[in-house]
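Numbers here are sequence positions counted from 1. Just so it is clear, the model here is predicted, and its values are computed rather than measured.
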Amino acid sequence: MLAELPAADAVVLVSDASRELAAGEVELLRAASAHVATVVVALTRIDLHPAWREVRDLDAALLAERGLAVDVVGVSAELDRHARAREDADLETASGLAVLRDLLRRRVVEPGGVRTGRAVGEHVAGVLATLRAAPAAELAALEGPERAQELDAALAEATASAAASKERSARWQQTLADGVADLAADIEWDLRDRVRQVLRTAEETLETVDPAKVWDQFEPWLAEELGRAVATTYLWAGERTWWLAERVAEHFADPAGTDETAPVPAGRFVAELSALPELAPPDLDRIEFTQGLLVGLRGSYGGVLMVGLVTTLSGMALINPFSIGAGVLLGGRTLRDERRRALRRRRLDARRVVRQHADEVQFLLGKHTKDMLREVQRTLRDHFTARADQVATGAAAAVAAATAARKLDVEVRRRRTQEVRAELAGIDDLLARCRETS
């Protein structure tokens, strides 16, 4: 989930209304608030918990204390279902879902529509500005020798723009290639470093506990920590791709400082945590009662025999209190030593399994990140190549139109002048409407 935050318009955290927010939920909200403008906590099943308002107020106070601007809303799907069946407006309001829908509509849907319209307007305006260059240059040539100086200036500007576009193409392609190479190395290092930290903590933990006793708790903990490390790396990688897109887009800024093109989404780094390999269980065999009894008897046999033989010299029987006591002592020590050796084997095997699992995770995700990075590179390359071709084509079309206009006779020139003026008027009208929306 963390890896998808930069691409999210809103985050809705679902929590039970019977309790306050847990520490993990607060941490997730903190991470979401750093990347998403709209973050909401939905307290569910408020129909079953009459004290949900107190929980809501406590959660709101806790989040405000942490400096998090997060709305807390109580909701009930059951109340909403009954409200729809009875067509009861008051019950629908009590369900809280209407409040949640209205909040998301005001915070996400409506601003998103405005942003989409603005982005479309800016894109269309850029295309129209490029298309306008050819008829504008042609009109200058058609209107006669009195605008020859203006025409020459326009042709010179168009020619210079075409030359600058070619030079820009070499620069942005180099920036993109260097940026992708640096990003690939940084992502690999970041992933290896985070997985290594989790592995170090896991091995230190296994050295202090019995894996056979704690494996049921250790396995989900390791999966959660590895998933968090991977998601954090993907989140950071997604931010870096946006940064790279902005650096490449800077090459398309005109001398006046106005961007000819805006940075584009550079692909999404999404951590497929469900695709992570499962942790293979280690050999956690423990010494059972029967096995321990046999080990103790095997160790006590030598003690009983040695002490019994010595005591027979003094006229005592082979089996006597001294030989029995020696057998118990040696049998207990043998059992303890065997248990220590078994614990050491379990720890070694558990560490081996964890290291193999970490290596497999790094191997699979290394391939995944490289594939996504290649997709990012192709996305940026195709976008900016199309933009560079568009600029170059527009400049060449302007030069060709103006040159052709100079060769027309008087009657054809007059008719063509009216057509070009009408065409320019239509383009200018569309440009004005696009700029109003943006």
Exercise. For W189, is the NZ or CZ atom of R192 found under 6.0 angstrom from the centre of its six-membered ring and inside 45 degrees of the ring axis?
Worked result: no
For this session: Report yes if some heavy atom in the side chain of R345 is under 4.5 Å from a heavy atom in the side chain of D349; otherwise report no.
Result: no
Exercise. Rounded to the nearest 0.5 Å, how far does OG1 of T241 lie from CD of E246?
Worked result: 10.0 Å
For this session: State, yes or no, whether a side-chain contact exists between V180 and V376 at a heavy-atom distance under 4.5 Å.
Result: no
Exercise. Does the salt bridge (charged side-chain N to carboxylate O under 4.0 Å, His left out) test come out yes or no for D57 and R53, once each step is laid out?
Worked result: CA-CA 6 Å; D57 295 339; R53 293 177 179 84; over 6 Å; no
Problem set entry | Under the salt bridge (charged side-chain N to carboxylate O under 4.0 Å, His left out) test, residues paired with E78 that sit two or more places apart | R81
Problem set entry | Taking every non-hydrogen atom, the tightest pair across D16 and L43 | O-CD2, 4.2 Å
Problem set entry | Ion pair check, R19 and E25, cut-off under 4.0 Å | yes
For this session: May I ask you to decide whether R106 forms a salt bridge with D102, counting only side-chain N to carboxylate O separations under 4.0 Å?
Result: yes
Problem set entry | side chain to side chain contact (heavy atoms under 4.5 Å, CB included) evaluation trace for K367 with D371 | CA-CA 6 Å; K367 177 65 167 59; D371 290 343; 2.7 Å; yes
Problem set entry | Point-to-point distance, once rounded to the nearest 0.5 Å, from CD1 of I46 to CG of L79 | 6.0 Å
Exercise. When rounded to the nearest 0.5 angstrom, what distance separates CH2 in W221 from OG1 in T201?
Worked result: 5.5 Å
Exercise. Would the number of heavy atoms belonging to other residues, nucleotides or ligands and lying under 6.0 Å from CZ of R351 be above 12?
Worked result: yes
Problem set entry | Note, E360 side chain near L364 side chain (heavy atom, < 4.5 Å) | yes
For this session: Could you walk me through whether E224 and R228 pass salt bridge (charged side-chain N to carboxylate O under 4.0 Å, His left out), step by step?
Result: CA-CA 6 Å; E224 180 181 356; R228 183 176 303 171; 2.9 Å; yes
For this session: Would you give the length of the straight line joining atom NE2 of H368 to atom CD1 of I187, rounded to the nearest 0.5 angstrom?
Result: 11.5 Å
Seminar exercise, completed: With V41 as partner, the option from V73, D71, L68, L29 fulfilling side chain to side chain contact (heavy atoms under 4.5 Å, CB included) is L29
Seminar exercise, completed: Closest heavy-atom pair, D88 versus L91, reported as atoms and distance to 0.1 Å, is OD1-N, 3.2 Å
Problem set entry | Spatial distance of atom CG (L97) from atom OG1 (T44) [nearest 0.5 Å] | 10.5 Å
Exercise. Taking C-beta and beyond as the side chain, do E207 and E203 meet within less than 4.5 Å on heavy atoms?
Worked result: no
Exercise. Do R196 and D193 meet the salt-bridge criterion of a basic N to acidic O distance under 4.0 Å?
Worked result: yes
Exercise. Is the CZ atom of R86 crowded by more than 12 outside heavy atoms at less than 6.0 Å?
Worked result: no
Problem set entry | Derivation of the side chain to side chain contact (heavy atoms under 4.5 Å, CB included) call for V39 and L13 | CA-CA 8 Å; V39 181; L13 175 67; 5.9 Å; no
Exercise. What is the minimum heavy-atom distance between L191 and G366, and which atoms define it?
Worked result: CD2-N, 4.3 Å
For this session: Please examine the side chains of T205 and V214, heavy atoms only from C-beta on, and report whether any two atoms are closer than 4.5 Å.
Result: no
Problem set entry | Atom CZ of R84: over 12 foreign heavy atoms under 6.0 Å | no
Seminar exercise, completed: Closest heavy-atom pair, V12 versus A42, reported as atoms and distance to 0.1 Å, is CG1-CB, 4.0 Å
Exercise. Just wondering, do L104 and V109 contact through their side chains at under 4.5 Å, heavy atoms?
Worked result: no
For this session: Flag the pair D9 / T38 as yes when at least one side-chain heavy-atom distance between them is below 4.5 Å, and no otherwise.
Result: no
Exercise. D80 side chain to S95 main-chain N or O, any donor-acceptor pair under 3.5 Å?
Worked result: no
Problem set entry | CD (E87) with more than 12 external heavy atoms under 6.0 Å | no
For this session: Check salt bridge (charged side-chain N to carboxylate O under 4.0 Å, His left out) between E20 and all other residues, then give those that pass, not counting sequence neighbours.
Result: none
For this session: Please name the pair of heavy atoms, one in K213 and one in Q217, separated by the smallest distance, quoted to 0.1 Å.
Result: O-OE1, 3.7 Å
Problem set entry | Salt bridge present between E375 and R378 (N-O < 4.0 angstrom) | no
Exercise. Got a second to check how far L176's CG is from Q377's CD, nearest 0.5 Å?
Worked result: 5.0 Å
Exercise. So, do D210 and R346 sit near enough that their side-chain heavy atoms are less than 4.5 Å apart?
Worked result: yes
Problem set entry | CA sep, side-chain torsions, deciding dist, call: V55, H49, side chain to side chain contact (heavy atoms under 4.5 Å, CB included) | CA-CA 10 Å; V55 175; H49 305 289; over 6 Å; no
For this session: Any chance you could lay out the side chain to side chain contact (heavy atoms under 4.5 Å, CB included) test for W52 and D47, step after step, and finish with the verdict?
Result: CA-CA 9 Å; W52 71 268; D47 55 307; over 6 Å; no
For this session: Give the minimum heavy-atom separation between V209 and R347, together with the two atoms involved.
Result: O-NE, 3.0 Å
